[in-house]
Amino acid sequence: MNKKRDKKKFKRKNIKISNIELTDIDQFTDDVISEEKRAEKKLIEKGKISSKRNLKLERGRILEVRSNYKCIVKIGDKVLICTLGGRFKQVNFETKSIVTAGDYVNVDVSGDLRIEEIVARTNTLSRFSDKDFQIEIIIASNIDQVIITSSYKDPQLNLGLIDRYICAAKINNITPVICINKIDLAESLDDVKQIGSFYEKLGFNVIYTSVETGEGIKELRELLKDKDSVFSGHSGAGKSSLINKLQPELKLRTAEISDYHRKGVHTTTRSRLLEWDFGGYLVDTPGIKTFGLHRKDKEKLKGIFPGLSALTEECKFFNCSHSHEIKCGVKKAVENGSYPVARYESYLRILESL
Ligand SMILES: Nc1nc2c(ncn2[C@@H]2O[C@H](COP(=O)(O)OP(=O)(O)O)[C@@H](O)[C@H]2O)c(=O)[nH]1
Ligand SMILES: [Mg+2]
Ligand SMILES: [Zn+2]
């Protein structure tokens with residue numbers, strides 16, 4: 001009965017959308033998503049008030065969203081297929097973000113395993129639509145840390161990219177961890193550690209790994225243990241190799257975060273949580289093209305870019321952007337060599353790009 005009605009609605013919606021003149025497929029996707037996001041907000045509000053009685057609610061975690069209304073949920077030791085409660089079903093767009101992998105939910109275990117409530121998210125992992133970077137698409141939630149993976153060589157270490165990922169992580173309320181991989185390719189480990197020391201001094205976790213020699217893998221495992229992590233970084237940095245080294249039987253999909261060569265390719269936004277055998281989850285997520293820096297975050301950048309906030313006391317202007325202003329504490333630090341000019345330039349590049 002219910003199902004039938006939903007189907008009807010879906011059809012109506014589709015017809016409506018197809019009446020809009022479509023210039024290209026990206027535009028279409030964005031429109032759908034923004035409408036979906038508004039609907040989602042309303043529903044999450046609604047979802048807080050459960051009118052039903054005699055429910056036996058148990059807390060679970062969504063490992064994967066399988067279809068519009070079906071989710072794989074871990075409740076205690078069991079992995080179960082649950083459906084979204086009726087109140088949530090009113091949105092009939094193609095899945096995405098009513099619920100997402102990583103969501104904590106309350107499931108009615110007295111009957112047919114319905115998700116009745118969605119617990120407020122502590123953070124979300126998102127990507128932004130290519131078109132204008134304005135539409136956020138949520139792909140996972142409640143994530144502890146991002147393992148920003150770079151290789152020392154092949155491809156060459158790109159600190160600018162690391163800076164970008166750090167800022168994106170912080171804006172999304174996710175802890176950044178820096179992993180410099182392929183240290184077997186470095187002539188001296190001291191040189192590599194020299195590079196990492198800038199971040200270490202600022203309190204970041206930096207680990208140096210090699211899948212070849214096994215160096216740093218134990219430390220990496222310690223860092224991942226009992227936390228929910230996502231690996232991100234340039235294609236070829238060694239993310240898949242590291243994950244395989246940590247747990248060979250983990251079945252990872254082939255698509256991956258920020259895969260440089262896949263830019264512009266439309267892939268599914270569904271992600272899933274995979275359990276480490278040493279505790280915690282790996283967020284396996286395909287096709288993030290750009291990891292969450294948004295135009296609206298421009299103002300926040302100066303507060304989160306590594307090492308800047310400690311230098312702003314001498315800025316003449318309270319809202320100094322440390323770019324064109326006179327009497328700027330950051331510029332002074334760059335001039336007297338106490339803040340690395342390369343990192344300052346990296347800051348300006350990100351500022352500019354927003
Ligand atoms: N020398 C060396 N090569 C590595 C290391 N880790 C990965 N690789 C190689 O780098 C290439 C890319 O690795 P991959 O895991 O696919 O990178 P991903 O794109 O980040 O997932 C592969 O040929 C790996 O064998 C490492 O620690 N040392
Ligand atoms: Mg890979
Ligand atoms: Zn300044």
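Counting from 1, the numbers follow the sequence of the chain as shown. Computed from heavy atoms alone, side chains included, the values below leave out hydrogens, waters and symmetry copies. Each ligand, and each atom within it, is numbered from 1 in the order the structure gives.
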Option among Ile195, Thr209, Asn181, Asp184 that satisfies the side chain to side chain contact (heavy atoms under 4.5 Å, CB included) test with Tyr152: Ile195
Taking every non-hydrogen atom, the tightest pair across Phe278 and Leu246: CE2-O, 4.3 Å
Sub-3.5 Å N/O-N/O distance, Ile183 and ligand 1: no
Close-contact set for ligand 1 against Ser235 heavy atoms, below 4.0 Å: 19 (O)
Stepwise side-chain hydrogen bond (donor to acceptor under 3.5 Å, both in side chains) check, Ser229 with Gln145: CA-CA 5 Å; Ser229 315; Gln145 54 187 6; 3.0 Å; yes
Which N, O or S atom of His322 lies nearest to the Zn ion (ligand 3), by name: ND1
Note, Leu113 side chain near Ile81 side chain (heavy atom, < 4.5 Å): no
Distance filter under 4.0 Å to Asp184 heavy atoms, resulting ligand 1 atoms: 1 (N), 2 (C), 26 (C), 27 (O), 28 (N)
Can I get a per-line list of side-chain donor-acceptor pairs under 3.5 Å for residues 154-161, giving both atom names and the distance, sequence neighbours left out?
| residue | atom | partner | partner atom | Å |
| --- | --- | --- | --- | --- |
| Asn158 | OD1 | Gly160 | N | 3.1 |
| Asn158 | OD1 | Leu161 | N | 3.0 |

Qualifying residues under side chain to side chain contact (heavy atoms under 4.5 Å, CB included), relative to Ser353, sequence neighbours excluded: Arg164, Ile350
N/O/S atom of Ser241 inside 2.8 Å of the Mg ion (ligand 2), strictly under: no
Ligand 1 to Thr209 polar contact by distance, N or O atoms, under 3.5 Å: no
Exercise: do Asp163 and Tyr199 side chains pair donor with acceptor under 3.5 Å: yes
Degrees at the Zn ion (ligand 3) between the SG atom of Cys315 and the SG atom of Cys328, nearest 10°: 110°
N or O pair under 3.5 Å between Leu185 and ligand 1: no
Atoms in ligand 1 flagged as close to Ser210, the criterion being non-hydrogen separation under 4.0 Å: 27 (O)
